[in-house]
J.: 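The structure follows.
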Amino acid sequence: MITCREASQITLQAEDRSVPLADRLSVRLHQRICGNCRRFARQVALMRQASARWRKYTDE
Amino acid sequence: MNATPDHSDYCRQIEALRPVLLKYARLQLRNLAWAEDAVSETLLAALEKPQSFAGNSQLKTWLIGILKHKLIDQIRRNSRELSTTAAGEDAEDLDDLLFTADGHWREAQHDWSNPEDMLRQVDFMKVLEACVDKLPGQQGRLFMMREWLELESDEICKELAITPTNLWVMLHRARLRLRDCLQTNWFAGGAT
């Protein structure tokens, strides 16, 4: 089982590169039993949405 | 070019947008002189080719589009200096603050409430901008290239002559910092 530190690292990397399937699966497995990493992943997803919204906001 | 009332009105409207263009140019380049150059080039391009402004989009949208190209030009022109000034900056490892030695979170992570209209709030956008502004120079530059200029990772590496690993380390740090800043300045206060 990967650690929270490793899981968060892979979650962040996925924002900027394609992450191998094996890594994605181990994060998913980890998140099933780890609320902190689930919440972290949701924070990262919300930041992605926020960036998209911000791009629109800057040129409106 | 003729000095019809229409034309001077157009010049005034363009000039009025200078401050907002400069704000984003600085956020991207982290260097006032380069930012001013990019903005001047943008305004000049707009003044020289008013006919290319279609008029069916907003003037600001059009100018920001030109500015983004000029910013990439500036990054190219100054890429050598950009890569050398970045060395040694921000060696602090946020991960060590977040995780114990055996890789567990030191603190519980928070649920970020996301009401329907949060992302539409100007206040949230202002906090986000302030947080991006607070990123250390090179981290902020790379984050902006990725998220605002929407460049692919390999394009960024090529323009700045940095390795993919270096880029990912810097973006990793930038995203953790941004997360921390949003947590402190928005989500912790329940300001929604």
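Chain naming here is simple, since letters A, B, ... match the order of the sequence lines and numbering starts at 1 in each.
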J.: Can you measure from CZ (B:Arg173) to CG (A:Leu12) and round to the nearest 0.5 angstrom?
T.: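 Result: 12.5 Å between the selected atoms.
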J.: Would a single hydrophobic cluster contain both A:Ile10 and B:Leu167, if residues Ile, Leu, Val, Met, Phe, Trp and Tyr are joined by side-chain heavy-atom contacts under 4.5 Å?
T.: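 Shared cluster, no.
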J.: Within 45° of the six-membered ring axis of B:Trp112 and under 6.0 Å from that ring's centre, is NZ or CZ of A:Arg39 located there?
T.: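 Not satisfied by the 6.0 Å and 45° rule.
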J.: Considering only heavy atoms, which portion of B:Leu21 lies under 4.5 Å from any heavy atom of chain A: side chain, backbone, both, or neither?
T.: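 For B:Leu21, neither part sits under 4.5 Å from chain A.
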J.: Counting only heavy atoms not in A:Arg28, do more than 12 sit closer than 6.0 Å to its CZ atom?
T.: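 For A:Arg28, atom CZ is not crowded (no more than 12 foreign heavy atoms under 6.0 Å).
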J.: Before you tell me yes or no, could you show the steps for A:Thr3 and B:Asp102 under side-chain contact (heavy atoms from CB on, under 4.5 Å), namely the whole-Å CA-CA distance, both residues' side-chain angles and the distance that decides it to 0.1 Å?
T.: CA-CA 8 Å; A:Thr3 64; B:Asp102 59 357; over 6 Å; no
J.: To the nearest 0.5 Å, tell me how far A:Cys4 SG sits from B:Arg106 CZ.
T.: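 The distance works out to 12.5 Å.
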J.: How many angstroms lie between CH2 in B:Trp105 and CZ in A:Phe40, if you round to the nearest 0.5 Å?
T.: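 Interatomic distance, B:Trp105 CH2 to A:Phe40 CZ, rounded to 0.5 Å: 4.5 Å.
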J.: Please determine whether residues A:Ile2 and A:Leu25 belong to a single hydrophobic cluster, defined as Ile, Leu, Val, Met, Phe, Trp and Tyr linked transitively by side-chain heavy-atom distances below 4.5 Å.
T.: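 No; A:Leu25 is not reachable from A:Ile2 via cluster members.
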J.: Does one hydrophobic cluster hold both A:Ile33 and A:Val27, with members joined at side-chain heavy-atom distances below 4.5 Å?
T.: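 The answer is no; the residues belong to distinct hydrophobic clusters.
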J.: With rounding to the nearest 0.5 Å, note down the distance linking CZ in A:Arg5 to CG in B:Asp95.
T.: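 Between atom CZ of A:Arg5 and atom CG of B:Asp95 there are 4.5 Å.
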J.: Using heavy-atom distances under 4.5 Å, tell me whether B:Leu182 contacts chain A through its side chain, its backbone, both, or neither.
T.: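 Side chain only.
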J.: Take atom CD of A:Glu60 as the centre, draw a 6.0 Å sphere, and report whether it contains more than 12 heavy atoms from other residues, nucleotides or ligands.
T.: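 Check passes, neighbour count above 12.
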J.: Is it the backbone or the side chain of B:Glu150 that comes under 4.5 Å from a heavy atom of chain A, or both, or neither?
T.: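 Just its side chain gets close to chain A.
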J.: With side-chain contact (heavy atoms from CB on, under 4.5 Å) as the test, would you mind laying out the steps for B:Glu129 and A:Tyr57 before giving the verdict?
T.: CA-CA 11 Å; B:Glu129 279 181 358; A:Tyr57 167 80; 3.5 Å; yes
J.: Of the listed residues (B:Leu59, B:Asp96, B:Val20, B:Leu17), which shares the most heavy-atom pairs with chain A below a 4.5 Å separation?
T.: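 If we count pairs closer than 4.5 Å to chain A, B:Asp96 comes out on top.
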J.: Does B:Arg120 have more than 12 heavy atoms from other residues, nucleotides or ligands lying within 6.0 Å of its CZ?
T.: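 No, the 6.0 Å shell around CZ holds no more than 12 heavy atoms from other groups.
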J.: Same cluster or not: B:Val169 versus B:Leu171, using hydrophobic residues (I, L, V, M, F, W, Y) connected whenever any side-chain heavy atoms lie under 4.5 Å apart?
T.: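 Not linked; separate clusters.
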J.: Report which part of B:Arg146 has an atom under 4.5 Å of a heavy atom belonging to chain A: side chain, backbone, both, or neither.
T.: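 Side chain only.
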J.: Once rounded to the nearest 0.5 Å, what's the spacing between atom CG of B:Leu176 and atom CD of A:Gln43?
T.: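 Rounded to the nearest 0.5 Å, the CG-CD separation comes out at 10.0 Å.
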J.: For B:Trp168, is it the side chain, the backbone, both or neither that has a heavy atom under 4.5 Å from a heavy atom of chain A?
T.: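 Only the side chain of B:Trp168 comes within 4.5 Å of chain A.
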J.: Heavy-atom cut-off 4.5 Å, strictly under: side chain, backbone, both or neither for A:Glu15 against chain B?
T.: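 Both parts, backbone and side chain.
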J.: Select one option (side chain, backbone, both, neither) describing which atoms of B:Leu119 are under 4.5 Å from chain A's heavy atoms.
T.: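 Answer is both: backbone and side chain atoms of B:Leu119 are under 4.5 Å from chain A.
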J.: For residues 46-53 of chain A, give me every residue with a non-hydrogen atom less than 4.5 Å from any non-hydrogen atom of chain B.
T.: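 Answer by number: A:Leu46, A:Met47, A:Gln49, A:Ala50, A:Ser51, A:Arg53.
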J.: Which bit of B:Asp154 comes within less than 4.5 Å of chain A, counting heavy atoms only: side chain, backbone, both or neither?
T.: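 Neither; nothing under 4.5 Å.
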J.: If you apply the rule side-chain contact (heavy atoms from CB on, under 4.5 Å), what do you find for A:Asp16 with B:Arg175, and how did you get there?
T.: CA-CA 11 Å; A:Asp16 300 300; B:Arg175 293 184 193 284; 2.6 Å; yes
J.: Would you indicate whether the side-chain heavy atoms of B:Gln109 and A:Arg38 approach each other to under 4.5 Å?
T.: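 Answer no - side chains too far apart.
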J.: Keeping B:Thr61 on the side-chain end and A:Asp59 on the backbone end, is there a donor-acceptor pair under 3.5 Å?
T.: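 At least one qualifying donor-acceptor pair exists.
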J.: Counting heavy-atom pairs under 4.5 Å to chain A, which of B:Glu152, B:Met125, B:His104 comes out on top?
T.: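 Among B:Glu152, B:Met125, B:His104, the one with the most close pairs to chain A is B:Met125.
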J.: Is there a path of hydrophobic side-chain contacts, each under 4.5 Å between heavy atoms of I/L/V/M/F/W/Y residues, joining A:Val44 to A:Val19?
T.: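 Result: no, two separate clusters.
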J.: CG/B:Leu149 to CZ/A:Arg55 distance, rounded to the nearest 0.5 angstrom?
T.: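 CZ of A:Arg55 is found 10.0 Å from CG of B:Leu149.
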